[in-house]
Amino acid sequence: MDVQLSQARLDALRNAVDRRLAELLPDAGEAPHRLHAAMRYALLAPGKRLRPILTLLTAASFGVDEDKALDPACAVEMVHAASLILDDLPCMDDAETRRGQPATHRRHGQDIAILAAVALLNHAFAVIGRSPDFEPSVSVKMVQALSSAVGLDGLVAGQESDLRRESGVSFDALVLTNRRKTAVLFEAAVEMGAHAGGAGPVQVKALRRFALELGMAFQAIDDLDDHQSGEDEGQPTLATLLGAEGARTEALERLDGAREALRVGSGTWRTLDASIELLAERMMVRP
Ligand code: GRG
């Protein structure tokens, strides 16, 4: 892939992801209709597709065709969409809207929303498992990366600590929560792209560190955004703990950390390096 990565190129990748996501889901006209409609509603709503784009860019940096890496990339987005449905439920964040439309439970009811989240989560692993493009040993590595991002050291654990919303949370505790609720999925996305390209353990480790730093920068930017729009009152976030300037500094330092992690590639990951600035711009834009 060309080092001259541009926003237009990222748009083309996002469009490719959107097209494949639509193909990978059952048609809303097929039974069970309500479930399929809710899955499509949540998954196909306009999102930035940052995580699947990272899978595609990482795979491309190993010379893997975009088409080949699309299914694992879409699997990451399915897990992300499932987490957003669950996060929005009244018993969690109780959100009214998501991606510019009523939250899934508000449009389809809580019962169907929960089922749609479980179905999307499950479908993600089915999509990886049935892809004919990868050796079973590679698919297993991808499944391991994605499932560990969901579980006890991932999204579920991060959400549990986020729900507690204790006052007086330490910086270290907040960093752990942010890693689990946000950065782990970035790490899994990049690791899956690396496995698609046949990366070895040293490369996987460096690329995971790149993704961790990028994910943490993303959360710092998200916290800053919520702070500036007054949506974080009473919540422990980087911006309420460190102030707006502190959260901004944290984001910039994390972006530097992402660049630093790529040095292991001795110049072969220039496209990923070029993506940092462009993705940072996207992170600040709500789709
Ligand atoms: C079982 C998958 C599963 C999850 C259960 C509910 C839960 C545990 C986790 C929720 C974690 C969560 C919602 C973290 C927030 C991450 C975040 C900042 C999301 C926003 O991401 P963007 O801005 O959204 O990339 P778009 O809409 O652009 O995709």
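Everything numeric here is computed off the predicted structure, so don't read it as measured data. Whatever order the structure lists ligands and atoms in, that order sets their numbers, starting from 1.
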Among [options], which one puts a heavy atom closest to [atom]?
| atom | options | value |
| --- | --- | --- |
| atom 19 (C) of ligand 1 | M78, Q159, H80, K48 | H80 |
| atom 1 (C) of ligand 1 | N178, I85, V184, L86 | L86 |
| atom 29 (O) of ligand 1 | R99, E160, E77 | R99 |
| atom 12 (C) of ligand 1 | R51, K181, R282 | K181 |

Check whether any side-chain heavy atom of L212 lies under 4.5 Å from a side-chain heavy atom of V184, and answer yes or no.
no
Answer yes or no: is there a side-chain heavy-atom contact under 4.5 Å between H105 and D88?
yes
For Q159 and R180, what are the C-alpha separation, side-chain angles and deciding distance, and is it a side-chain hydrogen bond (donor to acceptor under 3.5 Å, both in side chains)?
CA-CA 8 Å; Q159 181 75 357; R180 286 172 162 168; over 6 Å; no
Backbone, side chain, both or neither: what part of D222 comes under 4.0 angstrom of ligand 1, heavy atoms only?
side chain
Separation between NE2 (H80) and CZ (F186), nearest 0.5 Å, reads 8.0 Å
Atom indices of ligand 1 within 4.0 angstrom of [X] heavy atoms, with elements:
| X | answer |
| --- | --- |
| S83 | 2 (C), 4 (C), 6 (C), 9 (C), 10 (C) |
| T182 | 16 (C) |
| F218 | 18 (C), 21 (O), 22 (P), 23 (O), 25 (O) |

For E277, is there any backbone N or O sitting under 3.5 Å from a side-chain donor or acceptor partner on R282?
no
I'd like to know if D162 and K181 make a salt bridge, using a cut-off of under 4.0 Å between side-chain N and carboxylate O.
yes
